[in-house]
Amino acid sequence: MNIYSIDEPSFVKNLNEEELVQLASDIREFLIESCAVTGGHIGANLGVVELTIALHKYFDSPSDKLIFDVGHQAYIHKILTGRSADFATLRQYKGLCGFPKMRESEHDVWEAGHSSTSLSAAMGFAKARDIKGEKNHVVPIIGDGALTGGMALEALNHIGSDKTNMTIILNDNEMSIAPNVGALHNMLGRMRTNTQYNKFKHGAEGFIERLPQVGTTLRDLADRFKDSTKYMFVDGIFFEELGIKYIGPVDGHNFEDLGAAIKTSKEYDGPVIIHVITKKGKGYHPAEHDKLGIWHGLGPYKIDTGEVLGTKKTESWSAFMSNTVLDRAHQDDTIVALTPAMPVGSKLTKFQSELPERFFDTGIAEQHAVTMSAGLAAAGMKPYLAIYSTFLQRGYDQLLHDVDRQNLDVLIGIDRSGLVGADGETHQGVFDISFISPLPNITLMMPRDEKEAAMMIDFSLNTTGPMAIRYPRGNVLGVDMEADRASLDDMSWEVLREGSDAVLISYGPTLQTVMEAADLLEIEGISVKVINARFIKPMDESMLKEFGQDNSPLFIIEESMLTGGLGSMVSTFMSDQLFTNKIQRLGIDNEYIEHGDVDLLLRDIGITKDNIALRTKQLIGVSHEKNTNR
C-alpha cells in the first residue's frame, strides 16, 4: 500500500486480515527507511504496528479517545491519521513532533512526553464523557514500564474503585527504555506465561451462567468458589482485585487475537485491561535484538547494518559523569548510584556491572528515586542520583521535603540540562534552575568542561549538604584533565577574561559562545570581562558587590528560563543591595521551546555570538561605528 496516500484511519475498518498484515508490513518498511534518515523512537514504534492498526480498526478516533502514554510510540497513529508526508521532518526544526501534538491533528487528544500520565488523563476524559451523557470509548495505551510509575498506580486504584468504563491497553514488551525492574514487572512476567487462568475463568463463568435459577445461594457459592480458586492460577490477580476486568495475555502481533479482545472489552460495562504482549523493535533485526534500550530512541542509522551515524570521538557527558563517580566509588565504599529507569541513558551500566550491590534502578519512579537517595544519605551513604532534568521535575516535592529540608548529603547529576533538541518541549532541561534555586540548602553548579565537572564531583562528595551538578546533552570537549585549576572550595566565580567596558556572566557550554562574542567585541575595540558563574547557587556575592561598586554594566546569558534563572537572581541581589548597575539578561522567555536542532533553537532565543555582541554594545551605549583603533 502507498503509505503516503493515507489521509484518515477509517479505511482500516474495511480491510481483511491478509490486507491488515500487508499494511503492517508496509508501515514497518516505511518506518525503518524514514527513521534511518531522521532518527527517532524506532524500537517502541516497530513493536506496536499491529496494535495501533487494530485500535483504529475497532475504535472510532477522534470520537473514541486514544490516549498514548509517553507518546513516543505514536508514529503509526500519525501515519494512519494522514501525516506520512511529514515524516521527512520528524523531530526536525519546525517539523513533525515525535510525540502526539494537538495542533497537528484532531486525533491527538492528549499530549505527553513523560510516562504514567495516560490513566489519570483517561479518568478525566471518561468522567467528562459520563457527565455530558456521551457514549464514546476512552482507550489509554500504557506500557509495562510506565505502569511502575506511582501516578499510574494511583489512577488504577481510582478507576477500579469507581468502576469507570474504559479499555486500558497494557502494552507489555518487557522493556521501557532499559529492561524493566521490580515486582510489578515480575508479576507481569508470570501472567505472560500463564494461560490457564483465563481458560479457567471463562469456563467457570460459563458454568455459572448455565446454573438453574433456584435462588441466589447456589450462584453465590459458585461465584465465591470461582474467586477463591482463581488464586491457584495467577499470583495476586492484581487487576481484578482492583476491580478491573483482565483479558490476556493477547498476542500483540496477531490481528485475530487483538480483534477478539477489543470486541470483548467494548461489550463490558466497566474498566477492562487488555494485556497485550508485543516485541519491541519487531521486524528490524538490530532493534528487535536490542537488550539494552539503545534502539529506544536514536539518531540516523544505516539500514543494512544498524550502525548509528554521527557518533563523536569524545565520550558523552553522561558517560563522563557516571564513570567519574564510579572511579570514586572504587575508592569509597559508601558511594552508591541510583537512576529512575535510565541506566542506559545516564550511562550507569558500567557502574551497574562493576558494583551491582551498590547500584539501584528504581524503574520509572522518580519520586521514589529521590527519597530513596535521601534515605541512603540519612543512613550514612553517599548517593549519586543520575536523573534527567526533565524527569527531576517529577520528584520536586521529594527534593524539597526529603533531601533539601533535611540537608542530606545527596549528589544529583542533572543530565540533559539545557536544550535537548529533537525530543522537544516535554524534555528541554531548562526549568531546573528556576525550581531548585529557592531551596535553602542545596548547592547548584554547572561546569564549563569535563575537568571542572570532575572537580565538582570531588567537591560535592567531600562537602556536606545536598549538591546538584547540571550537565548538558552531547559530548565532552576533550580538554586536558591534568591542567591546573583553581580550587572550588571557596565556591567563587571564575574570571575567564579581563575587560573594563562590561561584564558578561554565564555558565556551562554557553560560555564558549560568550567567549566568541568577546572576541568579536575586541575587534571593535570593546573590552569585556567574562565570568564563569560555575556556582549558580550560591552566587558569588563578593564578586557581585565589586561589580556594584564599580557600577559595571552586567550582561547575564543563560540557556535556561529567564524567570527564576541566574539573571533574575543577580538582578534581585543588585537591587536589594541598592546598586544601580545597568543589567541585561538573555535567555528563554516565559514559553515552551519545541523540538529542533539545538543551534537553530539557540539562534531563535538569541544565544549567538553576533547577538550577544550586539546586545553588549546596546548595553554600554556604543554604536556600530565605534572606533576600532581604541
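Everything numeric here is computed off the predicted structure, so don't read it as measured data.
Going from atom CG of Leu46 over to atom CG of Asn173 covers 11.5 Å, rounded to the nearest 0.5 Å. With rounding to the nearest 0.5 Å, the separation of CE in Met123 from CD1 in Ile67 is 12.0 Å. With rounding to the nearest 0.5 angstrom, the NE2 atom of His41 is 10.0 Å from the CD atom of Gln73. Annotation: the span from Ile244 atom CD1 to Leu156 atom CG amounts to 4.5 Å, rounded to 0.5 Å. For the atom pair CD1 (Ile593) and CD (Glu425), the distance works out to 9.0 Å, reported to the nearest 0.5 Å.
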Given side-chain contact (heavy atoms from CB on, under 4.5 Å), test Tyr592 with Phe431 step by step and report yes or no. CA-CA 10 Å; Tyr592 292 103; Phe431 295 99; 3.7 Å; yes
Decide yes or no on side-chain hydrogen bond (donor to acceptor under 3.5 Å, both in side chains) for Ser318 and Arg416, but give the supporting numbers first. CA-CA 8 Å; Ser318 301; Arg416 270 69 166 178; 2.9 Å; yes
Could you walk me through whether Ile141 and Val276 pass the side-chain contact (heavy atoms from CB on, under 4.5 Å) test, one step at a time? CA-CA 10 Å; Ile141 302 102; Val276 179; over 6 Å; no
Go through it in stages, so that I can follow the logic: the residues are Leu392 and Phe435, the test is side-chain contact (heavy atoms from CB on, under 4.5 Å), and I'd like the CA-CA distance, side-chain angles, deciding distance and then a yes or no. CA-CA 10 Å; Leu392 182 58; Phe435 67 70; 4.2 Å; yes
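Proximity of a side-chain donor or acceptor of Thr390 to a complementary backbone N or O of Gly429 within less than 3.5 Å is not detected. A donor-acceptor pair is defined here as one N or O able to donate and one able to accept, closer than 3.5 Å; such a pair exists between the side chain of Asp69 and the backbone of Thr117. No side-chain donor-acceptor contact under 3.5 Å links Asp162 to the backbone of Thr164. A donor-acceptor pair under 3.5 Å links the side-chain atoms of Ser84 to the main chain of Ile3, judged by distance alone. A donor-acceptor pair under 3.5 Å is absent between the side-chain atoms of His368 and the main chain of Pro340, judged by distance alone. Side-chain atoms of His289 come within 3.5 Å of backbone atoms of His285 as a donor-acceptor pair (strictly under, hydrogens ignored). With Glu240 contributing its side chain and Tyr246 its backbone, the two residues share a donor-acceptor pair below 3.5 Å. In terms of modelled atom types and a separation under 3.5 Å, the side chain of Asn171 and the main chain of Gly143 share no donor-acceptor contact. Judged by distance alone, with hydrogens and angles left aside, the side-chain atoms of Tyr301 form no donor-acceptor pair with the main-chain N or O of Gly39 at under 3.5 Å. A donor-acceptor pair under 3.5 Å is absent between the side-chain atoms of Thr339 and the main chain of Ala341, judged by distance alone.
Nearest heavy atoms, Cys35 versus Leu90: SG-CD2, 4.3 Å.
Ion pair Lys280/Asp290 not flagged as a salt bridge, since none of the NZ, NE, NH1 or NH2 atoms sits closer than 4.0 Å to an Asp/Glu carboxylate oxygen. Between Lys78 and Glu104 there is a salt bridge, with a side-chain nitrogen of the basic residue lying less than 4.0 Å from a carboxylate oxygen of the acidic one. Ion pair Lys279/Glu50 not flagged as a salt bridge, since none of the NZ, NE, NH1 or NH2 atoms sits closer than 4.0 Å to an Asp/Glu carboxylate oxygen.
Listed by chain and residue number, nothing satisfies the salt bridge (charged side-chain N to carboxylate O under 4.0 Å, His left out) test with Arg129 (two or more places apart in sequence, or in another chain).
Taking 4.5 Å as the limit, some side-chain heavy atom of Ile262 sits within range of a side-chain heavy atom of Ile274.
Side-chain contact of Asn136 with Ser63: a donor-acceptor pair under 3.5 Å is absent, judged by distance alone. If you check the side chains of Thr52 and His77, you find no donor sitting under 3.5 Å from an acceptor. Side-chain contact of Arg394 with Ser116: a donor-acceptor pair under 3.5 Å is absent, judged by distance alone. A donor atom on one side chain and an acceptor atom on the other are not found under 3.5 Å apart for Ser61 and His56.
Under a cutoff of 6.0 Å and an axis angle of 45°, Lys266 and Phe59 form a cation-pi pair. Both tests pass for Lys245 against the ring of Tyr268: distance under 6.0 Å to the centre and angle within 45° of the axis.
Within 6.0 Å of atom CG in Asp269, 12 or fewer heavy atoms from other residues, nucleotides or ligands are found, so the atom counts as exposed in its surroundings. Around CD of Glu18, the count of heavy atoms belonging to other residues, nucleotides or ligands within 6.0 Å does not exceed 12. In this structure, Asn590 places its CG atom where only 12 or fewer heavy-atom neighbours from other residues, nucleotides or ligands lie under 6.0 Å away.
When ring centroids are compared, Tyr93 and His595 stay outside the 6.0 Å threshold. Aromatic ring centroids of His427 and Phe99 lie under 6.0 Å apart.
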